[in-house]
Amino acid sequence: MGNVELTINGVRVEADSGSTIMDAADKAGIHIPRLCHHPRLSMQGACRVCIVEVEGVRNTVASCCYPVRDGMVVRTHTPEIQRLRRDIVELLLDNHPSDCNTCERNGNCELQRLASAMGIRERLFAGERKRYEKDLSSPSVIRDPEKCILCGRCIRVCGEIQEDAALSQVYRGFDTVVMPAHNAGFMETVCVSCGQCINVCPTAAFLEKDATAPFMKAIADPDTIVVSQMAPSVRAAIGECFGLQPGRAWEGQCFAAQRALGIDYVFDTQFSADLTIMEEAAEFVAKVKAGGPLPNITSCCPTWVKYAEHFHPDMLKYLSSAKSPMSMQGALVKTYWAEKMGVDPDRIFSVAIMCCTCKKFEATRPELHVDGRAAVDAVLTTREFGWLIKHMGIDFFNLPEEEPDSPLGSSTGAGVIFGATGGVTEAALRTAYWMLFDKDLPKEAIEFKAVRGMEGVRVATVDFEGLKVKAAVAHGLANANRVLDRLRGGEEFHWIEVMGCPGGCIGGGGQPYAGAYAVPLDEAMLLCRSCALYDLDAARTLRLSHANPDIQGLYRDYLDKPMSHRAHELLHTHYYARVPFGIRPQEAQL
Amino acid sequence: MAYRREVLDTPDWWRELDEYINDQREKNRGHVQSALIPVLHHVQDRYGFIPDKAINHVAQALGVPTSYVCGVASFYSYFSLTPKGSFTVAVCLGTACYVQGSQAVVDEFSRRLGIRPGETTADGLFTLVEARCLGACGQAPVVMVNDEVHAAVTPEQVPNIIAHYTALAPREPASSNMA
Ligand code: SF4
Ligand code: SF4
Ligand code: FES
Ligand code: FES
């Protein structure tokens, strides 16, 4: 990795040997247009939008995969290159529906931005355009091949970051389509509904399944009681829906916005995050005391659960039986709360605002229903929530900061950090300590910095009065596979946390699209979002789930104690092996 | 074509396929990408096309994600993912044939058979394909039905050609292509 020196557009630039022309140009502040390239994915070289001129090389080269050489002379924006690039983008447009005005990604589309940057103001070609059916079969993710420009980012995120390999390019040339095996509906495939294909798609070829329509219908019906909950990560990212940089939480405004939308009772998923910690920590402590079965593997991420059901059925026995916070909350709304309020649970419309596309699928899982009813009736993503706020003319930033309703709205700092990778582990350790030793961790010891951060796999051993607890944290399913490989290889863990999305839920498939000057899945962006959550935690007086007075009240009045009979009925679930059986792609990149 | 598949899907065949896969895996020193192509050929030799079920089986056995196997099987023109008819009608659209009017011949086959190029008739008799230069330019426009060459074909001859092969058709759907 020596340094090389090259000239780009007349400017001398230093670069690592082994880096690409695009990397070098980026470092020098020269932006070469691009489409199929993504910094966290393998090279593709498919779109040719990034072509540049290299002196002494006869044809133009794709800068995203062309290595730098010492003394190289590169030109990125000559009239000739500009013309070629314009033609390349125009050919893409040519094979693309011209319905930008009605497209979900209008104003947020990389192809639009590119066309504008290329200065395409009129269309010169008019060729044949392909026509395909949408796949609407999944409750989470819609696939619309007509919008696809074959950049292959979805295939790579699904195969490389998620090691799921649900997607592939099928057929060739003009007939090429990105599709799952046998062009089956997503629910008949190994797709885990994580929505990362939505995040990286430059256009609207992947989208979440809309839930705003049933939500608006429920709001409009005076007989329906609309009850909401909101995941931690939504507050950490919602500002980005309105053009802000990531990193600031808008908690109070989110509650106010929900009331402004007409929601009758505004609760918080963080309440049930605290509850999940009570149940899961109790389960964990019981396993530790009984000497197994260990590790305890977290189960709050539905993407991870579905992945384990397809790819790791032999590991299901280690998954915590605790439901996710969303499903616990939904179950309580239609039982505990309905009874308390004396309302018929059939009149309740329970809506969850989530950073996650897979939560839409989770809500349909029959084993999570309570007394024959869906625990959650509709799941809105952060993006859908942001859209509803705009749609209803709510001036988000000038809303007063409000509090959620009681009693299913209160939460501690431990519930907040669920949204960031490592957060569940940290929250669980705080409460497990109390359960084991009947006293709280000293104030200065409640932060477990070793499990925080963006490293794909983090392993930490904490010393609990001589009891060494070894915990592993993984985010992104490829990283989960790394940990499970170590487990199968004989390494022992007490606890494994898996979040399906890079960064944890803050990087969820339902989060705001990366803006014009950002890259989806960008690590700095994910870090900013997670900091917003850690800041909220640090600012709380109560930072331990078991210290939440409303959680204490719930156990006193209704559930008795963690892992009680009633708690099992309402708050725990089971998993089963799913077909098709998953085949991991790592040894078979094609 | 359920009839054909039932006959071909014997336990012996799947056992033999597994052995073949293992052989290929060894030959290619565990490099599954390289093993995949001969294995798909083997499957196509058996069925005349590559059924979904075999794709799933091969994916499992080789440890290649099913979606990727679909990608490979659909990429190469010598693999077919749909059953082929008893008679494959290949109309040449190479330059020599094209200038002699072979497009009109394809269109006429298409109209009479009620299928587009690449498709197979519902009775499993005919598959229509467009070919690039069949190497008989002197006899343009050329049509090949399985391995028989028809020279200087005009749209008017199309009904006769169809009738000729329909008369030859086996009563039961063909179970040719048995390896
Ligand atoms: S939702 Fe996730 S698993 Fe499904 S196709 Fe998209 S990236 Fe792959
Ligand atoms: S990590 Fe969070 S956002 Fe992503 S799939 Fe899991 S629960 Fe959903
Ligand atoms: S960005 Fe370089 S080829 Fe697509
Ligand atoms: S062009 Fe048809 S046979 Fe050569």
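Within every chain, numbering begins at 1; the chains are lettered A, B, ... in the order of the sequence lines, protein sequences first and strands thereafter. From a predicted model like this one, the values you see are computed outputs, not experimental measurements. The analysis underlying the following values was restricted to heavy atoms, covering all of them including side chains, and did not include hydrogens, waters or symmetry mates.
Note: A:L167 CG to B:Y68 OH = 8.5 Å, rounded to the nearest 0.5 Å. Here the OG-CE distance, from B:S74 to A:M179, works out to 7.5 Å after rounding to the nearest 0.5 Å.
Under the 4.5 Å side-chain criterion, counting only non-hydrogen atoms from C-beta, B:V64 is not in contact with A:I583. Looking only at side-chain heavy atoms (C-beta outward), B:L81 and A:H182 stay at 4.5 Å or farther from each other.
Using a 4.5 Å cut-off between heavy atoms, A:A166 contacts chain B through its backbone alone, with no side-chain atom that close.
Nearest heavy atom pair, residue A:S168 against residue B:G71, reads OG-CA, 3.7 Å. The nearest pair of heavy atoms linking A:R172 to B:Y76 is NH1-CA, 4.2 Å.
Remark: A:Y171 OH is loosely packed, at most 12 non-hydrogen atoms of other residues, nucleotides or ligands lying under 6.0 Å away.
Checked by atom type and distance alone, the side chain of B:S67 never pairs as donor or acceptor with a backbone atom of A:A181 at under 3.5 Å.
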